[in-house]
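First the structure, in the form of structure tokens, and then the observations on it.
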Amino acid sequence: MSCPRAFLLSAAAGAGLFSACTSLTARSPEAADQHPHPAGVAQIRWRTELHAHGLFEATPEECASGVLVGGQLVIGSRAAAIVSVSTDRGQIQWATTASGGVDSQARFDPAHNQVYVGVDDGTLYAVEPAAGKVRWTYRAKGAIERAPEVRGDAVYVATAADRVIALDAATGKWRWQYERETPEGFTIHGYAGPKALGDSLLVGFSDGYLVSLNGASGEVVWARSLAAVSDQFVDVDSTPTIAGSIIYASSYSGGLYALAAKDGAVQWRVPIEGVSAVRLAGERLYFAAPRQGLHAADLDGHVVWRQGLTQAGDLTTPMVVGPYLVFSGSRAGLFIVDRDDGRLLEIFNPGGGVCAAPTLDASGTRLYVLSNGGSLYALDLG
């Protein structure tokens, strides 16, 4: 594949998207000299078009993320297709027609050698990765956009209709489901994915509750409201992060919470509106919020630094890649920042922004990301 023009902006060129908050930035004046980075962090390796959007199509978005299986990336698109792309040169190896557009995160199940891909019409596909053969499908109520969770012989899928369903991984047969009533009025777009914790399953809902369910039966173990003092936009839309006996979860209005895994008791809260899912690395928690930008906090919930973002759009959960944090902005592109202090290092802007979260290979040196324009890029990190 030939490479397109490099839409890679330097930190200076992209500085208009960042606004530093010095009162919350904990670093010495010499910090910039202590963490040198190479000029040009990312290099475009190849580009493959997955969905040719119409010339006059207004603000297209492609929010699907792929999963790596051997030397291929399996990913869907809004072209109503699931495709396999070779990771070395970007060649399409097979394409399977889906029942609707795909905005979901794919998940590989090595025990059953199949990839799960959710579709906007509520269909979950189990696809054999070698040739793209559909092994089974299950039709649920509500769009499927989050990656399913796999534990043993069960696959758990959450939908936009405030429902979580347990299926048999081998056959796709229904085992149990749990749902909560969606609040009247407006809710925030998006929802939480399921997260396994031992024999339990953690799921967030738009009524502001984080619920622990028995993974075998679907019975409630405990339920905790993260709505704080608000009665609007209380959605728990981020998939929880687990570290030992602590759960990190968030609600749109309540902010970031640390909860005891055994009973959901609140340990502390950081009241930042719109916190995304948290990424844990070492002694730091990294997360983004649409109005207040990118944050790093310690494990006691104290914000270490913050970098404001303007005009970036919806933000994906920061991904830790060596010394970098990488995340997408739906209107601005893919951001690469210094994880120590939040300095902007580079923006990959293919035009039209990047709604999708990137996929990182096992070596930690290559990213795959689908642009809103429908092109899949492989980016090598220097």
Side-chain angles (χ1 to χ4, degrees), residues 18-31 34-35 192-193 195-198 200 202-204 208-212 221-230 233-309 315-327 335 337-344:
F18 266 57
S19 58
C21 181
T22 55
S23 63
L24 288 179
T25 302
R27 61 178 184 265
S28 66
E30 297 80 19
Q34 295 171 0
H35 304 287
K195 185 70 173 181
L197 175 58
S200 301
L202 298 171
V203 191
Y209 274 82
L210 179 70
V211 181
S212 174
V221 178
W222 54 257
R224 179 69 59 184
S225 173
L226 307 185
V229 296
S230 174
F233 305 133
V234 297
D235 313 47
V236 177
D237 287 338
S238 61
T239 303
T241 297
I242 302 166
S245 62
I246 299 296
I247 300 166
Y248 299 103
S250 62
S251 72
Y252 190 88
S253 64
L256 174 64
Y257 289 79
L259 309 166
K262 63 178 181 178
D263 56 8
V266 176
Q267 308 300 295
W268 50 256
R269 179 173 77 96
V270 180
I272 297 174
E273 184 180 85
V275 173
S276 67
V278 173
R279 191 74 66 186
L280 173 65
E283 299 297 310
R284 291 276 179 92
L285 303 168
Y286 300 100
F287 57 92
R291 294 183 181 179
Q292 298 196 43
L294 181 67
H295 297 71
D298 64 25
L299 301 186
D300 293 320
H302 303 119
V303 175
V304 178
W305 55 254
R306 175 173 75 88
Q307 292 285 12
L309 286 159
L315 307 175
T316 63
T317 303
M319 175 184 292
V320 176
V321 185
Y324 311 122
L325 295 177
V326 182
F327 58 96
F335 290 84
V337 307
D338 187 309
R339 69 181 263 198
D340 286 341
D341 53 26
R343 287 181 299 119
L344 173 63

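Both backbone and side-chain heavy atoms feed into the values below; hydrogens, waters and symmetry mates do not. What you are looking at is a predicted structure, and each value in this text was computed from that prediction instead of being measured.
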Are the side chain of Thr241 and the backbone of Tyr248 linked by a donor-acceptor contact shorter than 3.5 Å? no
Between Asp340 and Asp338, the two heavy atoms sitting closest are N-OD1, 2.7 Å
Taking atom CD1 of Ile246 and atom CG of Leu285, what is their separation to the nearest 0.5 Å? 10.5 Å
Can you find a pair of side-chain heavy atoms, one from Ile272 and one from Phe287, that are under 4.5 Å apart? yes
Do Leu210 and Tyr257 touch side chain to side chain, with heavy atoms closer than 4.5 Å? no
One should read off an interatomic distance between Asp237 CG and Ser276 OG, to the nearest 0.5 angstrom, of 11.0 Å
Please list, chain by chain and in numerical order, all residues satisfying side chain to side chain donor-acceptor pair (under 3.5 Å) with Asp300, sequence neighbours excluded. none
Sidechain-backbone polar pair: Ser251 side chain, Leu226 backbone, donor-acceptor under 3.5 Å: yes
Where is the tightest heavy-atom contact between Arg339 and Arg284, given as atom of each residue plus distance? O-NH1, 3.9 Å
Tell me every residue that passes side chain to side chain donor-acceptor pair (under 3.5 Å) with Ser238, counting only those two or more places apart in sequence or in another chain. Ser250
Heavy atoms only: give me the nearest Ser200-Val221 pair and the separation to one decimal. OG-CG2, 4.2 Å
Closest heavy-atom pair, Ala249 versus Leu259, reported as atoms and distance to 0.1 Å, is CB-CD1, 4.4 Å
To check you understand the geometry: which heavy-atom pair defines the closest contact between Ala196 and Ile242, and what is its length? O-CD1, 3.5 Å
Non-hydrogen side-chain atoms of Val337 and Gln307 separated by less than 4.5 Å: no
How about Thr239 and Thr317: do any of their side-chain heavy atoms sit closer than 4.5 Å? no
Distance check, rounded to the nearest 0.5 Å: Gln292 atom CD versus Glu273 atom CD? 8.0 Å
Closest heavy-atom contact between Leu299 and Trp268? O-NE1, 3.2 Å
Heavy-atom distance under 4.5 Å between the side chains of Leu325 and Val320, does that happen here? yes
For the residue pair Leu294 and Pro318, establish whether any side-chain heavy-atom pair is separated by less than 4.5 Å. yes
So, the side chain of Arg291 versus the backbone of Gly274: is there a donor-acceptor pair under 3.5 Å, distance only? no
Are Phe327 and Leu309 close enough that some pair of their side-chain heavy atoms sits under 4.5 Å apart? yes
With a 4.5 Å heavy-atom cut-off, do Arg224 and Tyr209 have their side chains touching? no
